[in-house]
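These notes are about the structure you will find just below.
In what follows, every heavy atom counts, from backbone to side chain, and hydrogens, waters and symmetry copies are set aside.
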Amino acid sequence: QMNGTDRILLPLPNIKGLGGPTLINYGDPAHCAEIPMAQYCVLSGASGAFSFALGNCLPNACTQSDLESLITTVDVQQIDLTVQCDLVRPIGKAQGISAKVEDVLGWGGIPVYYPNKIEFTIGAGIMTALCAILVALVCAATSMEWMRQSKERVRVADSRPTSGIGVVGMEAVQPLTLEDAPAESEMTVLEKALSPWSLLRNTVSLLRVRPAEKNPFACLDAIRTFSMAQVILGHSYVYTLASSGFTNMEQFNPPHGSLGTFGFQIIPGCFYGVDSFFVMSGFLCAHGLDTKLFNRPENRTAKRFSIKYLQFLVDRYLRLIPTEMFCIAFTVNLLPQMGSGILWNLEKPGGSHCFESAGGSQCGAYWWTNLLFIQDLDQYFGKCYPHTWYLANDFQMYMTAPFFGLAYSINKTLGWSLLGVGMLVAVMIPAIMTAEHNWVPEIIAGASKGFTTQFYTKPWCRCPAFFVGIAVGWAWPSLLEKYKGRHQTMRTRMNSLMWSVLGVGLCFAATFGRMAFFQCDLESCFDPVKSPVPRLFQYLWGSFAILAWCVGLAIIMVLCFLDRFLPLIQAFLTFTFWQPIAKLSYSAYLIHTSVLIWNTCQRDRPVSYRPTDFFFHFVSFTAVSLLAGFCVFMLVEKPLNNLKAALMG
């Protein structure tokens, strides 16, 4: 009964996705296209939670209209049947030597192609024009910057003093002092207007790095990169489930499937990547407010605080929103035009398509919720670009940070007390919600009872991570910075080693401890009473699992700031290589779901899960997401931030 009616995340083997029991067999569309008098069609339907899609090779004398008329005569109650044809077309047989080679080698077959049957909308035209304009701006700005730099080099060379030596080029050995160097010529109005889009300027900015000795928080770039990779890894699993689905879901079923194994816990553990972002946000926010704003007593007055608070929010809003709205418009309008294949063109029951799993299906009606950062509210969650619930949480937490900072600047005891109360309340809420909803407080095991929507995406449940970051931001200059530097004695070395083991151990326990929830059959794993984890431990896990990860990460961060983490890993985390990648993390985060769907939906069958395939897909997804993020960064994010800096300072 559960297999046929319940909407659960990890159902039994005949299920290919998130919605319920599904029968999928698309056959072999390419071989069907080889038959001269045949056409490939897909018959699909749905009844409640059950759905199916079956590929058929039919005579081409029957048009799609004929087939649609035929299925209307079938008396199947409560099943909505649809048929779609012309999803694959032959290109043509090989000729000449190519045909002879095919005969000799026994290849057979003919090449086929999968047309894109998605309508080109007005929105697609507008987005195409916008992208063309942005590319034109980049090209024009880069050309002007290149010509200007060329002229500057010539002007500097001409301004060098000659030595009087009669050997050509010898004057070049005379070094210029800063006083001798001519001032850079002033840019024209047009150059100033276009310079934010200069590829030369923005690439130099992207690749500009600071060595670790001049960058005390250098490890944050590596942590930001790893957190982004965690998000992509977790979504590689979730978005495949939500789009093409897996053909072999039995591979995941606990206790003997992947979900019950030790190594697989890395994938659900990837959801902590968001908490890592919250910790870093809280730290940078608190540290910046304490050292750059509230260090001036006049900014603590009601009037000045109100002005600075408004500037603080506007700056953050303009930092996030333009790039997010561009990615939403791209996903809604251009992504449908970029793919092909059976899954891409196939219309699901209800009229949806596979590519809509990227999150753009309802953005036409709910885009404004992202604009207001309220897409994490119950009535709006999942409506438009679902993975950006994190941005709503982040902005809402940012709104509270100046008040904590103000209290701390007035009286440190008051600040710590408010933060402690906030942390206490945030830890109690998960336990209360676990009792109220009677769920298993784990991202997969509790999904069938609303854990994802009621807990995972709510700021009052995720704020402990932000609070931990604030605590580190306050403690660093007042308590911790004085210990910066490598160890001088064996005792300090052992202390750092023990703290390092504790930090790594907390993150390790938070990641792999969830394995205990899946040493059971599927039904028992989702039932808090039948779960192998005692109810008391369930409450503790719900309240402290995220906090354990965040405290462990905070310990690692502080030890890296102090230059006292595990030596080889310390050097790895502070390597300058991470800095350019970290700058791309926001754009890559926004666009990565489109990259995932662009791959999984251009198929003629669901994905077959194998660990090695999954790993290599993840690596390729990450690389392509960074490449796509680079394009978004250069076209939108960096130019608009340059404009914001020029206008607002």
Nearest-0.5 Å distance, SG of residue Cys631 to CG of residue Leu584: 10.0 Å

For the rings on Tyr589 and His387, is their centre-to-centre separation under 6.0 Å? yes

So, using side-chain hydrogen bond (donor to acceptor under 3.5 Å, both in side chains) as the criterion, who are the partners of Thr457 when residues are at least two apart? none

Ring centre gap for Trp598 and Phe355 strictly below 6.0 Å: no

Which residues share a disulfide (SG to SG under 2.5 Å) with Cys270, sequence neighbours left out: none

Partners passing ring-ring contact (aromatic ring centres under 6.0 Å, His included) against Phe264 (at least two apart in sequence or in another chain): Tyr237, Phe252

Would you call Ile328 and Asn370 a side-chain contact if the rule is heavy atoms closer than 4.5 Å? yes

Which pairs pass salt bridge (Lys or Arg N to Asp or Glu O under 4.0 Å) with one or both residues in residues 499-511, sequence neighbours excluded? none

With sequence neighbours excluded, give me every salt bridge (Lys or Arg N to Asp or Glu O under 4.0 Å) pair touching residues 347-360. none

Test: salt bridge (Lys or Arg N to Asp or Glu O under 4.0 Å). Region: residues 500-518. Which pairs qualify, not counting sequence neighbours? Glu442-Arg514

Which residues share a ring-ring contact (aromatic ring centres under 6.0 Å, His included) with Phe277, sequence neighbours left out: Tyr390

With sequence neighbours left out, the residues meeting side-chain hydrogen bond (donor to acceptor under 3.5 Å, both in side chains) with Asn25 are none

Between Phe614 and Phe618 (judged by ring centroids, cut-off 6.0 Å), do the two rings come close enough to count as a pair? no

For His437, all residues meeting ring-ring contact (aromatic ring centres under 6.0 Å, His included), sequence neighbours excluded: Trp439

Go through the structure and list residues passing side-chain contact (heavy atoms from CB on, under 4.5 Å) with Gln251, not counting sequence neighbours. Asn248, Tyr609

Side chains of residues 566-581: which donor-acceptor pairs under 3.5 Å do they make with residues two or more places apart or in other chains?
residue, atom, partner, partner atom, Å
Gln570, OE1, Phe565, N, 3.1
Gln570, NE2, Cys560, O, 3.0
Gln570, NE2, Asp563, OD1, 3.4
Thr574, OG1, Gln570, O, 2.8
Thr574, OG1, Ala571, O, 3.4
Trp578, NE1, Phe572, O, 2.8
Gln579, OE1, Arg210, N, 2.9
Gln579, NE2, Arg210, O, 2.7

Among Phe466, Phe561, Phe278, which one satisfies ring-ring contact (aromatic ring centres under 6.0 Å, His included) with Phe283? Phe561

Which residues satisfy the ring-ring contact (aromatic ring centres under 6.0 Å, His included) test with Tyr456, sequence neighbours excluded? Phe271, Trp389

Answer whether the closest heavy-atom distance between the side chains of Ser276 and Trp549 falls below 4.5 Å. yes

